[in-house]
Amino acid sequence: MKTNNIVEKNQEITGEVVDVTYEGLGVIKIDNFPIFVADTLPGEIVQLGITKVLNNYAFGRLIKRIKTSPERIENEHAEMITSGIAPLVNWKYESQLKFKQNSIKQLFHKVGIDDVDILPTIGMENPTRYRNKTVVPIKYQDGKLTTGFYRRGSHKIVPIDDYYLNDSKIDQVVGITRDILNKHNVSAYDEISRKGILRYVMVRRGYFTGELMLVIVATENKLPNEENIISDLKKAIPDLTSLILNHNPKQTNVQLGLENRTLAGNDVIHDKLLGIDFVISPNSFYQVNPQTTEILYQKAAELAELNGDEIAIDAYSGIGTIGLSIANKVKQVIGVEVVEAAVKNAQINKETNEIKNADFIANDAPEQFIKWSKEGLKPDVVFVDPPRKGLTPELISALGEMAPNKFIYVSCNPATLARDAVEIIEKGYKISRPILPIDQFPQTMHIESITVFEKMLNK
Ligand code: SAH
């Protein structure tokens with residue numbers, strides 16, 4: 001039996017939940033040694049059984065709740081917590097919003113920035129079924145193709161049909177697709193034997209257009225019995241806009257491969273944000289919560305206090321959404337994005353919407369910033385919207401050289417935001433307004449926010 005002298009497997013412990021992990025697990029500490037337990041809220045006192053002990057932490061299973069948090073709501077979606085799909089589903093929504101606001105404060109405190117205010121998180125009126133996209137693993141289990149989620153630390157899928165956060169139409173399409181592929185006896189990829197075809201089913205739906213894209217991710221670039229599968233899918237999902245086979249033959253955790261073949265309908269779907277029409281390819285990033293995304297972009301533009309004369313950079317520009325939505329408020333927009341398919345979408349989006357003053361470059365953002373700073377580009381305002389890992393020191397350095405007056409940081413990870421803020425401040429900037437969190441991801445631990453940095457005049 002594994003032991004670390006503090007706790008051991010099967011031991012029963014009672015303790016208070018003092019923190020929450022990034023995955024939404026409650027944290028109990030015994031002599032500073034953390035134990036993670038699902039479905040426990042801060043302040044609750046719980047009795048738990050130790051299920052797994054590692055060197056620096058352990059996992060436990062809830063046996064009994066001795067003190068229940070007033071922030072808890074009971075609901076019938078318990079599997080959303082174990083699946084990790086919606087780990088905060090048992091928190092009152094108001095307390096999720098407060099928790100996100102406080103988390104940002106604490107993360108800035110950790111890096112030594114205390115003179116920053118955080119506004120209350122802007123939430124959703126109906127914080128469920130907001131997701132416009134899902135990617136679901138598909139496996140052969142118990143004699144049939146199964147879709148659902150992987151239980152933590154397991155390779156077995158727990159079947160579910162209602163993902164709670166997805167647009168319900170998306171959940172329906174996942175189920176229909178699985179059943180049709182099953183009827184045609186298509187095999188699923190098996191990580192151990194490395195044989196089999198199907199890997200994931202991805203569905204994306206335009207919130208404002210209703211356009212529907214179904215992507216079957218497979219290890220082959222042709223499905224057996226393909227014609228019949230296509231015809232069955234078209235019959236069962238008459239409003240399908242785009243049916244794509246994505247080829248991902250590699251042994252990898254990356255879900256989508258780079259090659260797409262359109263089996264029926266269009267190569268892209270359209271959606272609208274702030275009245276602008278966007279095309280979206282399977283590999284392009286598109287914000288998953290279209291309702292709050294409109295607020296996010298509007299607020300980012302508002303906080304930048306644009307005057308119509310600026311040269312604006314949109315870094316990590318995806319399909320050009322931020323850049324194109326502010327184009328009529330500035331003189332010129334230059335976007336940079338690493339995924340070529342997304343840059344192609346951005347160029348089409350610029351043309352269809354007859355926006356003349358925007359350009360998008362396919363490149364690594366830090367590399368492009370270095371290039372721009374060497375060329376002597378002097379933007380007035382820079383928007384960045386990086387992935388979870390945040391910015392790089394090279395990008396921040398080049399930004400310091402280009403010295404824009406305003407720098408708007410749209411972040412989906414306050415830990416890297418706070419880390420980067422330290423360096424941005426060293427380059428002569430100050431956080432000039434309270435940070436604004438917007439709840440792009442209700443029922444999950446993800447935290448989106450906008451921070452405005454302004455150049456200090458004496459530096
Ligand atoms: N602003 C866009 C996209 C934000 S998501 C929107 O709101 O929709 C972050 C984007 O950064 C993704 O499109 C991703 O492909 C891109 N990206 C990731 N690493 C990058 C890098 N090193 N250089 C440029 N873009 C990158």
Side-chain angles (χ1 to χ4, degrees), residues 130-133 135 204 206-208 254-258 268-274 276-301 303-304 312-327 333-350 353 358-373 381-399 407-413 416-417 420 436 438-441 446-451:
Y130 57 83
R131 284 189 61 102
N132 61 5
K133 177 188 146 179
V135 186
R204 192 181 245 166
Y207 177 79
F208 295 94
V254 178
Q255 293 169 321
L256 260 65
L258 289 176
V268 294
I269 54 164
H270 290 252
D271 198 18
K272 274 205 161 80
L273 284 174
L274 301 169
I276 304 172
D277 185 85
F278 291 100
V279 291
I280 316 158
S281 291
N283 297 71
S284 297
F285 175 90
Y286 186 61
Q287 299 281 354
V288 294
N289 187 338
Q291 298 168 69
T292 48
T293 297
E294 287 201 320
I295 303 172
L296 178 74
Y297 293 168
Q298 260 166 340
K299 290 287 175 191
L303 291 170
I313 286 179
D314 172 10
Y316 304 90
S317 51
I319 60 169
T321 45
I322 294 182
L324 296 175
S325 66
I326 57 152
V333 173
I334 322 170
V336 58
E337 158 66 44
V338 80
V339 173
E340 301 218 1
V343 176
K344 283 194 184 128
N345 291 162
Q347 270 146 0
I348 293 171
N349 295 333
K350 166 195 156 171
N353 294 287
D359 279 302
F360 294 91
I361 298 169
N363 198 359
D364 169 62
E367 269 180 32
Q368 188 61 38
F369 270 59
I370 294 167
K371 188 160 177 262
W372 276 329
S373 81
V381 52
V382 172
F383 292 83
V384 293
D385 184 7
R388 293 188 40 74
K389 62 177 189 247
L391 303 176
T392 66
E394 293 76 21
L395 184 144
I396 297 171
S397 243
L399 181 90
F407 174 50
I408 317 296
Y409 193 143
V410 178
S411 159
C412 59
N413 181 355
T416 54
L417 166 70
D420 294 344
L436 176 61
I438 296 168
D439 199 18
Q440 288 274 84
F441 314 101
H446 295 277
I447 306 174
E448 185 91 10
S449 63
I450 309 173
T451 307

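We number each residue from 1, following the sequence as shown. Atoms within each ligand, like the ligands themselves, are counted from 1 in listed order. The analysis underlying the following values was restricted to heavy atoms, covering all of them including side chains, and did not include hydrogens, waters or symmetry mates.
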Using a 3.5 Å distance criterion without hydrogens, assess whether the side chain of [X] forms a donor-acceptor pair with backbone atoms of [Y].
X	Y	answer
Gln287	Asn289	no
Arg204	Ser281	yes
Asn413	Ile447	no
Glu340	Ala362	no

Taking a 3.5 Å cut-off between nitrogen or oxygen atoms, can you list every pair linking ligand 1 to the protein, with distances?
from: ligand 1; atom 1: 1 (N); to: Tyr316; atom 2: O; distance (Å): 3.1
from: ligand 1; atom 1: 1 (N); to: Asp385; atom 2: OD2; distance (Å): 2.9
from: ligand 1; atom 1: 7 (O); to: Gln287; atom 2: NE2; distance (Å): 2.8
from: ligand 1; atom 1: 7 (O); to: Tyr297; atom 2: OH; distance (Å): 2.4
from: ligand 1; atom 1: 7 (O); to: Thr321; atom 2: OG1; distance (Å): 3.4
from: ligand 1; atom 1: 7 (O); to: Asp385; atom 2: OD2; distance (Å): 3.1
from: ligand 1; atom 1: 8 (O); to: Tyr297; atom 2: OH; distance (Å): 3.3
from: ligand 1; atom 1: 8 (O); to: Thr321; atom 2: OG1; distance (Å): 3.2
from: ligand 1; atom 1: 13 (O); to: Glu337; atom 2: OE1; distance (Å): 2.7
from: ligand 1; atom 1: 13 (O); to: Glu337; atom 2: OE2; distance (Å): 3.4
from: ligand 1; atom 1: 15 (O); to: Glu337; atom 2: OE2; distance (Å): 2.7
from: ligand 1; atom 1: 22 (N); to: Asp364; atom 2: OD1; distance (Å): 2.7
from: ligand 1; atom 1: 23 (N); to: Ala365; atom 2: N; distance (Å): 2.8
from: ligand 1; atom 1: 25 (N); to: Val338; atom 2: N; distance (Å): 3.2

Validation row: Phe383, Ile313 side chains within 4.5 angstrom (heavy atoms):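 No. Closest side-chain heavy atoms not under 4.5 Å.
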Member of Leu324, Asn345, Ile276 meeting the side chain to side chain contact (heavy atoms under 4.5 Å, CB included) criterion with Lys350: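 For Lys350, the side chain to side chain contact (heavy atoms under 4.5 Å, CB included) test succeeds with only one of Leu324, Asn345, Ile276, which is Leu324.
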